Amino acid sequence: GAVVSQHPSWVICKSGTSVKIECRSLDFQATTMFWYRQFPKQSLMLMATSNEGSKATYEQGVEKDKFLINHASLTLSTLTVTSAHPEDSSFYICSASDPGLAGGLVDTQYFGPGTRLTVL
Amino acid sequence: AQSVTQLGSHVSVSEGALVLLRCNYSSSVPPYLFWYVQYPNQGLQLLLKYTSAATLVKGINGFEAEFKKSETSFHLTKPSAHMSDAAEYFCAVSDLEGGSYIPTFGRGTSLIVHP
């Protein structure tokens, strides 16, 4: 259980275009999902917390108008990088917690395989 | 506030040797502690977690970690390294401060296993 998928696994786009990344919990319902960004050889940086049916909570320094997050259902959250620029190139990883597995205690996050974004 | 320090950005061991990856944390409340492994171009996979039960936690792939409150440490060990263990390892801490369990990650330790 607790499988999280991401689509696409990699994407290359031109500068100025927008890219949408999907994060799905395959075998559980996730009221909360998280979006991280990871630069090469570095740790994960939390970008935002995605809440089903409400607005995402962004970390300090993350532009909410640039990184649009939509959590439309209990199994799907999307991250849209708008007007992408080369500096947005990175590895984007989502995660989700499964209250059912943890007895209601959302103490463990399960991660998707990541999406490699390259902006030319 | 919580933070994680992973000593050593790289650890190199011979195949069959003991693996020791160090993690120290700070937390104002009893923490939950995690070790994750990341293979190239992949997401993070949970190795093991400590959530205030037994202080010695056994995980997947033969790894284990011991929670030592007096040392604020949660070091990861494996008795005998395999080539397939070569990966990036992240220690993470989370607590209920602020009402959420969002983890804070260390900078990661790259484990290199040579024949």
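On a predicted model such as this, the values are computed, not experimentally measured, just so you know.
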According to a 4.5 Å side-chain heavy-atom criterion applied to Ile, Leu, Val, Met, Phe, Trp and Tyr, with indirect links allowed, do B:L56 and B:L48 form part of one hydrophobic cluster? no
Could you report the tightest heavy-atom contact between A:F91 and B:Q38, atom names first, then the distance? CE2-NE2, 3.7 Å
Is it the side chain or the backbone of B:F105 that comes within 4.5 Å of chain A heavy atoms, both, or neither? both
Non-hydrogen atoms of chain B under 4.5 Å away: do they reach the side chain of A:S9, the backbone, both or neither? neither
Within a 6.0 Å radius of atom NZ on A:K66, are there more than 12 heavy atoms belonging to other residues, nucleotides or ligands? yes
Measure distances from A:Q38 to the heavy atoms of chain B and classify the residue's part below 4.5 Å as side chain, backbone, both or neither. side chain
Give the minimum heavy-atom separation between A:F111 and B:L44, together with the two atoms involved. CB-O, 3.3 Å
Hydrophobic cluster membership, with links at side-chain heavy-atom distances under 4.5 Å among I/L/V/M/F/W/Y: are A:V11 and A:V119 in one? yes
Please answer: with hydrophobic residues joined when any side-chain heavy atoms are less than 4.5 Å apart, are A:L68 and A:M33 in the same cluster? no
Check for a donor-acceptor pair, side chain of A:S43 on one end and backbone N or O of B:G106 on the other, with a separation under 3.5 Å. yes
Within 6.0 angstrom of B:H114 NE2, more than 12 heavy atoms from elsewhere: yes
Under a 4.5 Å side-chain heavy-atom rule over Ile, Leu, Val, Met, Phe, Trp and Tyr, are A:I93 and A:L46 clustered together? yes
Check whether B:Y39 gets within reach of chain A through its side chain, its backbone, both or neither, counting any heavy atom under 4.5 Å. neither
So for B:L46, is it side chain, backbone, both, or neither that comes closer than 4.5 Å to the heavy atoms of chain A? side chain
Tell me whether A:L74 is reachable from A:L79 by hopping between hydrophobic residues (I, L, V, M, F, W, Y) whose side-chain heavy atoms are closer than 4.5 Å. no
Using side-chain heavy atoms (C-beta onward) and a distance below 4.5 Å, is B:Y36 in contact with A:Q109? yes
